[in-house]
Structures are given as C-alpha cells and as structure tokens.
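What follows is one structure encoded as structure tokens, with my remarks underneath.
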Amino acid sequence: MTNPIPDTELVPAVDQPALDEPAVDEPAGTDGTRAGRATWRAFRRQPLGMISLGVLALLVLMSVAAPLLSAAPASFSVDVLRPPGGDHWFGTDALGREVFAEVVWGARQSLLVAGAASLIAIVVGTLVAVAGAYVPAVDSVVGVVVDLTLSLPVLPLMILVAALAGPSTTTIILVIAAFSWPEVTRLVRSQALSVVHLPYVDAARLMTGRHGWIIGRHVIPAVTPVIVVSVVVTASRAVLSAAGLAFLGLGDPTVWSWGRILYEAQQSGAMVNAWWLTLFPSLAILALVLSATLLSIAYNDARNPRNHDR
Amino acid sequence: MRRPSALPAAAVTALAALALAACAPQAPEEADAPATGGSTAAAAGSDTLTIATTTDVVNYNPLIGNSRSDYWITNLMYPHLLSIADDGSKEPMLATDWGYVDDTTGYYEIRDDFMWSDGEPLTADDVAYTLNAVKRDAPAGTFYGQMGTFEAESAVAVSDTRVEFTLTEPDTSLVEEIGFWGNVVPQHVFEPAGSVAEFANDGSDGGWVSAGPYLLTDVQAGQSYTMERVEPYPLVEGGVPGPETVVYRVLPDVNTEILALQSGEVDAIANALPPAQVEQLRSTEGIEVVEVVGLGYAHMVYNMDNPDLAKTEVRQALAHAADYESIRQVVLQGQAVSTGSSALMPVLADYYDESLTEYEFDPELSRSLMEQAGYTAGPDGMFPVSFRLIYSLQDSVGSQWAQLVQASAAEAGITIELQGTERNTYLAMTNEGDYDIYAGNFAIMDDPVTNFRLSYLPGGAINYTHVDDPELNELIAQAGVTTDEDEKIELMRQAAAIVHEQVYDNIMYTQNLYVAHSSDWTGFISKPSELLSIVNPVSVASARKTDG
C-alpha cells in the first residue's frame, strides 16, 4: 500500500472544524460494538478462557478482600515451621507466620506490581510503536532502539538496576516496566504499520491534519486487540520478574509478595524440608501466569472473525 | 576494621595481664602434646574430605582476607601464632609461649618443628617479617587493624624461635590480639613480591607455599578448591594430617549445602546452620550436628548524631521496646543466651557482671520514657518520631529479628522504618553513619578492653553510636594500661555499667552456632565462632573416617 499523496501535502489546512467532532453514530463504532459482542460470544464458548477469567477474577478479589480473608501476617509466633493442617492451612514459616496470610496479602503486592508495571509498559510501548508506525522518520530510530533493548540481557540488568536503586516497590515497578515496553512496542508496531497504510487512514489524512485525532480515532482502536493481549502477557511476565527479583532479595523487604515468601524460605534455609513454604506461593504464581496466558490465547482466538458465529 | 559475621573486632583477654605481670604465663599443656589438647590421633589415610562453602575465595593473601572462604582456606596454609578456647582465652598454636618482657616489649616463643612445604623451615624470621610488613604496608583487614600500638619495624628475631617487638605505649592486649588474628607468611615468598598489601598470592608463579596442614593445589573458581596434605604438621599426633585431600566445594546456598550433605556429596558444611534447621538435622540419620560456642554478640546501636537519639530517655525507650526473649526463642530457636544487655557476655566468665540485667520488654515504660523526653503521642498512639533501622539482607537472622523489633516498637508508639540492603551497601552506609539504628553482629568479641576501645572511644572503628562520654573514655583508657587483673575487671565493669545505663549499645544475645558433618567422619575439634568452628586447621587435620 503506497500513499499516492506525499506526506508533506497532507499537512494542514489548519482549520477543519467539520471533523473536530466526528459523527457519533459512525459505522466504525457500531461495527466495533458488534465485533465486541461476537468476540465475547466466541470467548464464552472456550472453557479454558472462561476458567482463566474466573481464576484471575478470584485472585483480584482475593487481593482486594485480603483483610477479610486473613489477618495481616503477624511478626512472629511460636509455632515455627508447622506443616499445613487444620490450624495452619498453608503451614507456617521459620518465624511461625501463617503462609496462608502471606500468600493472600502477597497477592496485593504481586498484582500491584503486575498492574502498574504493565500499565507503564503498555502506555510507553504503544505510544512509541504508534509514533513509529505513523511517522516513518521516527520508525527507524524506534526499530533500532527496540531491537537494541530486546537484545540486552534483561535479568542481569534488572538485578543491577534494582540493586543500585535499592529495594522498594517503586523501583521494582519501574525496573520491570523499563524492560517490558520494547516487547509491547514490537508487537503493536507490526500491527500499526499495516493499519497506517490502509485506505481509511489515508482517507482520514486527506480530511484532517490532526494527527493525534487520526491516531486516537483510527490507529489505536485498530491495534487494541494486540494491546489487550500484550497487557495480559506483560502483566504475567511482570509477576514472574517481580517474584524473581524478590527471590534474589531485591524486592521490597517490608511488603509481602509471593517472591518474598520464597526469598525468606531460602534465606532461612528451610526450603529443604518445609515444602509448603515454596509450594503455595509457587502455585499462586502459576495460577496467575497460567490463567493470564490462557486468557490471552482464548481472547486472541475469540476475536478472530473466523471463529465467530457463522 | 572488618565486621559482622566476617572478621570482627577484638582478640585477647585476661591472660594478657597475667602475661605482663608474670612474664611467663599460660600454655600449661604445651610442653610436648599437640597444642590443641584433647585431640584424638588422626589416622593418616588416603581419604578425601569434602567441605561445602557458599563463597569463592577472593584473596589468597591471608594478610588481606575478605570472604569466609578466604579465611578457611588460607588458615590451612598459613598458621596463626595463637588459637582460642571456648572462654575466649588464648591457646598455643605456632607460638608456645608469649607475653611481655617489659611494659613496652612483647615477645613470642615459637615451635621449631614447622616447615614450609618447599622445604624451608618456618622460623622467627618469618614471624618478624610478617609483623613488620603488615605494619609497614597496611593491608586492609583485621590483622592490620589490631596493630595499633605496634611500633613500626620493631619486630626482631632474637633467635630462631623467639621474636621480640616494641610497643609505642603500654598495651596489655596487643600480644594476644595480633597473635590470634594474624597469620604467619613465608618471608622467602612474600618479601620478593613487594608490598604485602598488594601481593595477590594467587599461585600464578608456581603455586603456593604452605606450612600445613594442607596445600592448595587446584582451583576451579566457582566450583572447588582442592588441597593436598602437607607433612609434617606438628599440631596433630604423629605429624600427619588425617585426610589426604581436602576439597572445598562452592555451593549456591545453605539449602543446597544441606541437600548435598544429605546425599553424601559433601562430608561437612563450613557455614553455620540456620537456627530453624538444627533440630531437623540433629534427628537426621547419618548427620552429626556440632555446637560451636559463640564468642560474639548481636546488637542494635542508636546513632547519637540524630538529635532524638541523642536523648538518653529515647534510647532507653527503644531499649525497652524490643522483645528480646521472643527474638531468642523464635528467630534463634533458643540457640542464644542473653548477655544481660551488656558487652561483657556470660561467656567471658571473668568479666561477666550479674548485676547488669537485660532491658525488660515493657511498652508502657517506653511510652513514659518518651513522654519524659518531651514527646506526646498522637491520636493514633504513635509518637512523632521515626527511626530508620539498617540491616544486611545477607544476615538472615538479623533480617528476621529486625521485623520483630519493628513490630514491638510500634506497640510502644515508636515508628521504626526497616532498611535492609545488600551487604556492601550496608557496610558503606554503616561507615558513613547513614542510619538511625544499626543492627548487626560480631563473630568474636573476646577481649573486652579492645572491644570497648573500638566501640565506645571517639573515633573507634566500630563506634557506631558516635558516643563520646568523658567518664567512659577515662575508664577504658585506664583499663588498657592496668596490669592488675582484678582492677582491670573492675574498671571494665564500671564502663559496661555506663554503657548499659546510657544505652550506648544494646547487646541482644550471644548466639551459639551449629555446624553439621557426615557421621562417616569423626575427630573434628570445634572452636569458637563460624570462622574457626570445625574447619579450623587442627580440626580438619584431625578428622578421620569412621570405621565401617
């Protein structure tokens, strides 16, 4: 697809008030709604997707309702390293704290990091991607930067930065976001590149010089499905990275997270025989990551028109 | 000055004064028996003893020293003049006799039967060279840190087995201190290499030269350090170390070490066991758990540069806002003893003062102390202060009790903000005084005078309180030059009482450590602290496989 009109000629025509307020009932909108419904219908037919959604909803609910489910982990008790049982659902750790409470309260931190890091990564990644796709001059720079960042050894760098900046929740979120956006950019950019050359975008350019509007109205919606998928994938990766960093002692040592439970188990040397210390937080991480991945796969399948009702 | 869990402060005890007074002290069992008395005969065999560690060797030069692995491995090659008993008193090792000729002249009398592995005899020249070189080149480390009153270039070998040296001023601790902390190195190897502060001694020019009981022969960085037996080694019966080969295996962490011990991959673990694992391993078949007496302490120190903490009542309030008994029972699983909140620990039996008792955990008392200091609690019951407590994340026990301290201080309305950091950051922050409360520990604090000098005199290397109390300074200075043992003890007790009352230091406990080895091996001789434990040279050389 080539643009018959050179870019320079598309530039304003400063005022085109007619297009400032686009028609409310634009066909694209209703199409989108219809496509959304079709996607939802297709999605509901996928048991794995629905289960995943349920698990994710449960985890979110658990983190929100943590104070109702369990008292915040106490600082210590004399029941040290008790195996799981009636009194201690998930057993206790080397300081006699309830692993159940740690897992429940840890969900908050883990989901917070996942949410915040992926939000930053998605916003930055998408903006860079769309800017790259829309402005060819920027694109080559974006391409190089993304390729460069993707080729960096992420884990060692994360460890380095987290160690230098000192352990805190903000550090963890920023570090993970900083190393996650290029993945989003690459994914979104490839989609955006094909969109910006579609005839309706060309048509929009003919009608207005307001590039922000074109991007917001036509390009972003077209890449939204990719963004949704990468939100989920990035978030689940963020949980893994956060747990990894926390396990290495680079997490916030004052806030419970799943990674911290593992870290303290390792530090206290209790990993060898207190299997419950590692099992339950690992299961929580597995549940979150697996359901997020399955959800994104199911969504991806569902939004494919070929899988809609025929 | 090195610190927590690695090499800490002091050396020496009471014996120094005895030595000065009598000029011919100690070494009762010396005469002919193996120096570290009570050892069983090591049957020389062709066995390999594999020991697990978690750190690589950073420095092969024992005068520098860095990680624990450095200490363990170089100790098997470069002898110390003195060893230490469970009560902190010094025992003969390379030196058979030591003390003071007069107020400012010290001496060591050494054995004549030590040989370097290249055939050269180990003589008083090596000892004199080592002492002078360390004073001159100032290698970073504990050895140099102990050389304060040693006069430069003053060590002289007056015979093949006797070294004498001069002190810049009377110091009743010096001889035992440097005797215990310093290794002796071969002059014919180290002198041609130039400054001992820069000599890597990494074996790159034809390997190492050792005085036994083992010689490093193969290094696989990150994996293993292989050492071969050196004969003769006069400190074991028969002069031949038991295991033919000693291999230090580097494993990722203590969990892996325990698994490796259980599977028979290693025969002993050099690091101390986590308190929560001790009972478990004790009841595991095929594994022996050995107690290592603690000679150090864990403590919290309040930085008096902070205007709030400069107030005695605030420090007292904090001291009464920690539940020490719970910390010892839960975090340490009862493997620690109270010191009565005093640096004169019960293990230092001569100095221990029963009239000093532990700060009672009493949040209400803390609150009233805070009110006396002029603070008023807000509607949430919290006083308008917040203190930042630093600790090392590598110190798993400290990391755990820091959380307990935070929780119990909150009960007393005092906010403590925890800042756990990676060890090097923690050390840097400590040196810069970048903390309100410092939490840490020392492995060996055997000589009260040295310990108090370093901890409480202005400018002291570990004066983390930044205290400068004229009365205390005077008492410590007097004790340092007092030769009468009883008088010295009395002075130190007075000093300790001031520290206790003013909360210049909050000593929480002495931890007794436990290490594990396979029951296929026997003959280990446990020595105080993680630095010596069952991997001290005489212990390793005395180890042997059990029959059958």
Side-chain angles (χ1 to χ4, degrees), chain A residues 71-83 91-99 101-102 105 159-169 171 245-257 259-278, chain B residues 54 252-262 269 271-281 283-284 323 325-327 329-334 389 391-411 416-426 429:
Chain A
S75 59
F76 69 93
S77 87
V78 289
D79 294 330
V80 171
L81 290 177
R82 295 290 146 84
T92 63
D93 70 4
L95 285 185
R97 297 169 296 203
E98 293 288 336
V99 177
E102 294 173 1
W105 286 76
I159 293 172
L160 182 73
V161 176
L164 289 178
S168 81
T169 305
T171 311
L245 289 175
F247 178 68
L248 293 171
L250 296 167
D252 188 335
T254 58
V255 182
W256 281 104
S257 68
R260 179 180 160 197
I261 306 174
L262 295 173
Y263 168 70
E264 296 209 343
Q266 191 242 1
Q267 281 289 294
S268 63
M271 258 181 172
V272 183
N273 35 42
W275 50 268
W276 55 92
L277 290 181
T278 42
Chain B
T54 54
D253 71 350
V254 71
N255 297 283
T256 334
E257 289 182 320
I258 293 172
L259 288 173
L261 180 65
Q262 285 173 340
I269 300 176
N271 316 68
L273 297 171
Q277 288 304 300
V278 172
E279 279 314 309
Q280 184 78 29
L281 283 175
S283 56
T284 304
D323 187 350
E325 188 55 31
S326 292
I327 287 173
Q329 289 311 317
V330 174
V331 179
L332 291 142
Q333 295 287 296
L389 183 154
Y391 61 94
S392 161
L393 289 171
Q394 270 75 29
D395 170 9
S396 65
V397 170
S399 308
Q400 290 183 331
W401 62 245
Q403 299 173 36
L404 271 66
V405 167
Q406 181 187 40
S408 55
E411 282 183 46
I416 290 183
E417 178 201 335
L418 296 183
Q419 189 177 22
T421 57
E422 183 274 328
R423 182 176 155 82
N424 287 328
T425 314
Y426 162 79
M429 292 169 81

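Atoms considered below: every heavy atom in the structure, side chains included; atoms not considered: hydrogens, waters and symmetry mates.
Between B:Asn255 and A:Gln266 the shortest side-chain heavy-atom distance falls below 4.5 Å. Counting heavy atoms from C-beta outward, B:Gln262 and A:Val272 have side chains that approach closer than 4.5 Å.
Neither the backbone nor the side chain of B:Gln419 has a heavy atom closer than 4.5 Å to any heavy atom of chain A. Within the 4.5 angstrom heavy-atom criterion, only backbone atoms of A:Ala265 (N, CA, C, O) approach chain B. Of the two parts of B:Gln400, the backbone and the side chain both hold a non-hydrogen atom closer than 4.5 Å to a non-hydrogen atom of chain A. A:Ser77 touches chain B through its backbone: at least one of N, CA, C or O sits under 4.5 Å from a heavy atom, while the side chain does not. For a residue to count as touching a neighbouring chain, one of its non-hydrogen atoms must lie under 4.5 Å from one of that chain's; by this rule B:Gln329 does not touch chain A. With a threshold of 4.5 angstrom between heavy atoms, A:Ser268 approaches chain B through its backbone and through its side chain.
Taken to the nearest 0.5 Å, the CG atom of A:Asn273 stands 9.0 Å off from the CG atom of B:Leu259. Within the model, atoms OG of B:Ser399 and CG of A:Leu95 stand 10.0 Å from one another, a figure rounded to the nearest 0.5 Å.
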- Task: Show your reasoning for whether side-chain contact (heavy atoms from CB on, under 4.5 Å) applies to A:Tyr263 and B:Leu393.
- Result: CA-CA 11 Å; A:Tyr263 168 70; B:Leu393 289 171; 3.5 Å; yes
- Given A:Gln267 and B:Asp253, is the side-chain contact (heavy atoms from CB on, under 4.5 Å) satisfied, shown in steps? CA-CA 8 Å; A:Gln267 281 289 294; B:Asp253 71 350; over 6 Å; no
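Judged as a salt bridge (Lys or Arg N to Asp or Glu O under 4.0 Å), and not counting sequence neighbours, the contacts of B:Glu279 are B:Arg282. Partners of A:Asp93 under the salt bridge (Lys or Arg N to Asp or Glu O under 4.0 Å) rule, at least two apart in sequence or in another chain, are A:Arg97.
Listed options B:Val331, B:Thr425, B:Val330 were ranked by heavy-atom pairs under 4.5 angstrom with chain A; first place goes to B:Val330. Ranked by heavy-atom pairs under 4.5 Å with chain B, the list A:Ala94, A:Ala274, A:Ala270 is led by A:Ala270.
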